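Reviewing the structure listed below.
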Amino acid sequence: MLVTYGQAIGDAIKEEMRKDDNVILYGEDVAQMGNIFGITKGILEEFGSDRVKNTPIVETAIIGSAIGAAVTGLRPCVELMYADFSLVAFNELFHCVGKWRYMHGPEFKLPLVVRSAMGSSFGAGAEHSNCLESLYMHATGLTVVSPSCAYDAKGLLKTAIRSDDPVLFFEHKQLYQTKENIPDEEYTIPFGVADIKREGTDVTVIAVGLMVKKTLEAAEILANKGISIEVIDPRTLVPFDKETVFESVRKTHRVVVVEESNKTAGIGAELAAMLQEEMYDELDGPIVRVAALDVPLPYNIALEKFCIPDANKIVSAVESLF
């Protein structure tokens, strides 16, 4: 069935709510409006106001109440609308959500999913366009998910809702309308299992979120130049599938990491350090990072485009290794 990325997320929520009465949905504009992108449209009508609620724009209260709901037996799936707004609730996410299950022992469960839209979106400006996965990778105890396509989004979200551990689920705004054929039958995708989106022999390119799409575009350009790249989508950044990446590096001996978050202290910095420490003898060159410029993202669309990676920048990064 051909569905959009956004529809796949909505379908995953509906299917899990039908299976388990303890799954509840609330957040900013998720009920009558169906979220500002229409992702949760129809869920209020099917499940009613006891299980689907709008909230005020008070992120601290949304996360704090979701923690309480989770520890008392419910499975809240809450939405903060934009990932940028999660910083308002950073204490709750970093300390309480990330640490409480560890601090209180193995019988303590915290089945909580926090969904939010992230990334550049054609002039939304510096406070509504951030990719914050690397920030939350530093928050021990959190599962960090960043799907790049409809199939992955649905399968990973179903796994997230069923998990007894807290999950941050980042959805790139530019992916919501992308379409893909996904199975009619139910499926889930386990955390910590990367996907090789394109096999190649010359360079391993690890790409995250929207950058998977941009990297696949770059792969076509590079193929016409005689360079074969292997495109790996980690799908979950925490836990991270090292073995799939290491196996690819043993084959290609060159690595590029592509992300939309800022370059300094970003995902690429962590992966480069890991590969340098654990795969040094397999590398035939430096690990190249492609990321956003270290500036607040401009609202001017031309400047925004200049600041973030695209296919041509990825091509240049790959070519720099030869």
Side-chain angles (χ1 to χ4, degrees), residues 36-37 57 59 80-91 93-94 114-139 142 144-148 168-178 205-218 221 231 233-234 237-238 240 255-276 286-321:
I36 59 170
F37 301 101
I57 305 175
E59 289 78 16
L80 297 183
M81 189 183 292
Y82 287 103
D84 316 70
F85 302 166
S86 70
L87 299 180
V88 179
F90 190 75
N91 181 68
L93 289 167
F94 188 93
V114 182
R115 293 180 44 250
S116 55
M118 68 166 188
S120 57
S121 55
F122 309 110
E127 294 180 335
H128 294 76
S129 304
N130 288 283
C131 293
L132 299 175
E133 301 105 319
S134 62
L135 186 64
Y136 290 105
M137 288 170 68
H138 192 72
L142 296 174
V144 181
V145 181
S146 186
S148 68
L168 300 190
F169 199 89
F170 292 105
E171 306 159 9
H172 201 291
K173 297 189 285 287
Q174 290 191 43
L175 291 172
Y176 279 137
Q177 296 306 313
T178 59
V205 182
I206 308 163
V208 179
L210 177 67
M211 293 299 109
V212 175
K213 182 174 181 289
K214 302 293 184 184
T215 302
L216 291 171
E217 293 171 8
I221 298 171
V231 181
D233 177 1
L237 293 163
V238 181
F240 185 80
V255 182
V256 174
V257 184
V258 187
E259 61 183 304
E260 193 181 311
S261 46
N262 292 349
K263 186 174 185 179
T264 298
I267 298 166
E270 172 61 27
L271 297 187
M274 178 188 72
L275 288 164
Q276 186 76 4
I287 298 162
V288 178
R289 294 180 287 154
V290 184
L293 300 182
D294 288 329
V295 298
L297 202 62
Y299 74 88
N300 178 282
I301 294 177
L303 289 176
E304 177 189 69
K305 183 178 179 181
F306 176 78
C307 289
I308 60 176
D310 59 19
N312 289 329
K313 292 174 184 176
I314 298 166
V315 167
S316 296
V318 171
E319 291 179 328
S320 73
L321 288 169

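Everything numeric here is computed off the predicted structure, so don't read it as measured data. What's counted below: heavy atoms across the whole structure, side chains too, no hydrogens, waters or symmetry copies.
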Problem set entry | Criterion side-chain contact (heavy atoms from CB on, under 4.5 Å) on V256 and I287, from CA distance to verdict | CA-CA 6 Å; V256 174; I287 298 162; over 6 Å; no
Exercise. Rounded to the nearest 0.5 Å, what separation is found between the CD1 atom of I206 and the CG atom of D233?
Worked result: 10.5 Å
Problem set entry | Heavy-atom donor-acceptor pair, K214 side chain to A207 backbone, under 3.5 Å | no
Exercise. Between N312 and I221, is any pair of side-chain heavy atoms under 4.5 Å apart?
Worked result: yes
For this session: For L293 and N262, run side-chain contact (heavy atoms from CB on, under 4.5 Å): C-alpha distance rounded to whole Å, both residues' side-chain angles, the deciding distance at 0.1 Å, then the answer.
Result: CA-CA 6 Å; L293 300 182; N262 292 349; over 6 Å; no
For this session: Spell out, as yes or no, whether a donor-acceptor pair under 3.5 Å connects the side chain of R115 to the backbone of E171.
Result: no
Exercise. Between atom CG of L135 and atom CG of N130, what is the distance when rounded to the nearest 0.5 Å?
Worked result: 9.5 Å
Exercise. What's the shortest heavy-atom distance between P309 and V258, and which atoms?
Worked result: CB-CG1, 4.4 Å
Problem set entry | Spatial distance of atom CD (E260) from atom OG (S146) [nearest 0.5 Å] | 9.5 Å
Exercise. What is the distance from atom CE of M118 to atom CG of L210, rounded to the nearest 0.5 Å?
Worked result: 8.0 Å
For this session: Please list, chain by chain and in numerical order, all residues satisfying ring pair (Phe, Tyr, Trp, His ring centres under 6.0 Å) with F85, sequence neighbours excluded.
Result: Y82, H128
Exercise. Do side-chain atoms of K173 reach the backbone of G119 as a donor and acceptor pair under 3.5 angstrom?
Worked result: yes
Exercise. Is the closest side-chain heavy-atom distance between H172 and P147 below 4.5 Å?
Worked result: no
Exercise. Cut-off 3.5 Å, side chains only: do S121 and Q174 have a donor facing an acceptor?
Worked result: no
Exercise. Quick one: does E304's side chain have a donor or acceptor within less than 3.5 Å of a partner on G123's backbone?
Worked result: yes
Seminar exercise, completed: When every non-hydrogen atom of L142 is compared with those of V238, the smallest separation belongs to O-CG1, 3.3 Å
Exercise. Are the side chains of L80 and V114 in touch, meaning some heavy atoms are under 4.5 Å apart?
Worked result: yes
Exercise. Can you name the closest pair of heavy atoms from L321 and P286 and give their distance?
Worked result: CD2-O, 3.2 Å
Problem set entry | Neighbour count above 12 (heavy atom, 6.0 Å) for L303 CG | yes
Exercise. Heavy-atom count around E127 CD within 6.0 Å, excluding the residue itself: above 12?
Worked result: no
Exercise. Should F170 and Y136 count as side-chain neighbours, where that means a heavy-atom distance under 4.5 Å?
Worked result: yes
For this session: Output the distance between atom CD1 (I308) and atom OG (S261), rounded to the nearest 0.5 Å.
Result: 11.5 Å
For this session: Search all heavy atoms of G209 against all heavy atoms of L175 and return the closest pair with its distance.
Result: C-CD1, 4.2 Å
Exercise. How many angstroms lie between atom CD of E270 and atom CD of E133, to the nearest 0.5 angstrom?
Worked result: 14.0 Å
For this session: Mind running side-chain contact (heavy atoms from CB on, under 4.5 Å) on V255 and L275 for me, showing each step along the way?
Result: CA-CA 9 Å; V255 182; L275 288 164; 3.8 Å; yes
Exercise. Taking only residues two or more places apart in sequence or in another chain, which ones pass ring pair (Phe, Tyr, Trp, His ring centres under 6.0 Å) with Y299?
Worked result: none
Problem set entry | Candidate pair V290 and E259, rule side-chain contact (heavy atoms from CB on, under 4.5 Å), full reasoning | CA-CA 6 Å; V290 184; E259 61 183 304; over 6 Å; no
